[in-house]
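Numbers for residues simply follow the sequence, beginning at 1. Numbering of ligands and ligand atoms starts at 1, following listing order.
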Amino acid sequence: MTNSDSALFRPLQVRSLELKNRLVMSPMTRSHSTGGVPGQDVADYYRRRAEGGTGLIVTEGVTIDHPMSVDNDNVPTMYGEAALAGWRKVVDDVHAAGGKIVPQLWHVGPLWGAMKRVDPALKPMRPSGRWGTPGVTSYPDKLVARQLPDTEPMTEQDIQDVIAAFARSAKAAKEVGFDGIALHGGHGYLLDSFMWADTNRRDDAWGGTIEKRAAFPAAVVRAIREAIGDELPIIYRFSQHKQQDFTAKIAETPEDLGILLNALVDAGVDVLDASIRRFDLPAFEGSDLSLAGWAKELTGAVSMAVGSFGLGKSLRDSRAEGGSPVVDNRDELERRLGSDEFDLIAVGRLHLADPALAETLRLGGDLPAFDRAAHEGSLT
Ligand SMILES: Cc1cc2nc3c(=O)[nH]c(=O)nc-3n(C[C@H](O)[C@H](O)[C@H](O)COP(=O)(O)O)c2cc1C
């Protein structure tokens, strides 16, 4: 594979963001930012991927300026002078290495308390007070039992506060110099919990119909667009699966998925990041089209696939069963990118295994092996 004949190495422009290739570093929580401040080790970690040729880096999930956003003090924040100075250095170093970088803004919502045991007197942000019906989950039974009791549903004031917090942190990210904004709208966290009928039982403006279940995520996007203006792209990660239940869905049919995703695009989303465990998995019966393929088909927006590139086991299966063999699925990726089924591919674990993954792929080298103990533990 060389630069000239690979669909992966075609450039792409989204608003002001110019990408030299279609390879994206998928967001990965690292928890190395003590007190929420990303240090030089974090800057070096991202710079290595920029030097390695990755087209776009999406950072780890970042805490927004809201007290119930993320229950882990080692996750970096997008507020506060020290954290913003840390981010400025990250962005400058990535840019100096020829890379592009966007932060993934994150509010854990119903899953508050899953990372760190927290004060039970605090009220997690849940649309209807529900954690979600537990199904196929990787969470230990004890944690589920602790998290499961209903809490007070979010009030109108809570909703407005979170929307404003997203907009404040997005504006801060723009001022720091990021190339766009990414939102974590998947995996059972706050934005997703409004879309999921199981956790959103509201019957006001924020729930009750599929259109209304999209209203809160769309309001967040609209507020961010207003705060950052027209220049920077907004990337939105959505998923069918939830950490509460990997078999759960926000949409049973393409038609329902179209209603949800078009609400986001109408509000100002440019790139739909379809989070799934394998990039080539059919999303609905009767078609070979992947979730990212459907996102593009239904909305016309730029779309991004993710999941198990170069690996035989999904993230969840490899954690449950241990290990993941190298599987060379480059041809399948080239076929789908080349036919414009989707536009971008996000890669998580192989970016931990090989900071120069883009260069490895460009030169047609061997795919790296992923070793969880070696690659997840440190910021190499
Ligand atoms: C260590 C680790 C941390 C992750 N943290 C996040 C995160 O903060 N936000 C997110 O949206 N996804 C997160 N993910 C999921 C990845 O972005 C990606 O979707 C998943 O690993 C599948 O891609 P892969 O098979 O290429 O690894 C994480 C994955 C890993 C391995």
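- In the hydrophobic clustering of this structure, L111 groups with V220; members are Ile, Leu, Val, Met, Phe, Trp, Tyr whose side-chain heavy atoms approach within less than 4.5 Å, directly or through other members.
- With sequence neighbours excluded, the residues satisfying side-chain contact (heavy atoms from CB on, under 4.5 Å) with S31 are T29, N72, N74, V75.
- D192 pairs in a side chain to side chain donor-acceptor pair (under 3.5 Å) with only one of the listed residues (Q243, Q244, K242), which is K242.
- Listed by chain and residue number, the protein contacts of ligand 1 are S26, P27, M28, T29, G61, Q104, H184, H187, R237, V306, G307, S308, L315, R319, V347, G348, R349, E376 (heavy atom within 4.0 angstrom).
- Judged by the 6.0 Å distance and 45° axis criteria, R316 is positioned over the aromatic ring of F246.
- Checked for salt-bridge contact, K313 and E321 meet the test: a charged N lies under 4.0 Å from a carboxylate O.
- A 6.0 Å sphere centred on CG of D141 holds no more than 12 heavy atoms belonging to other residues, nucleotides or ligands.
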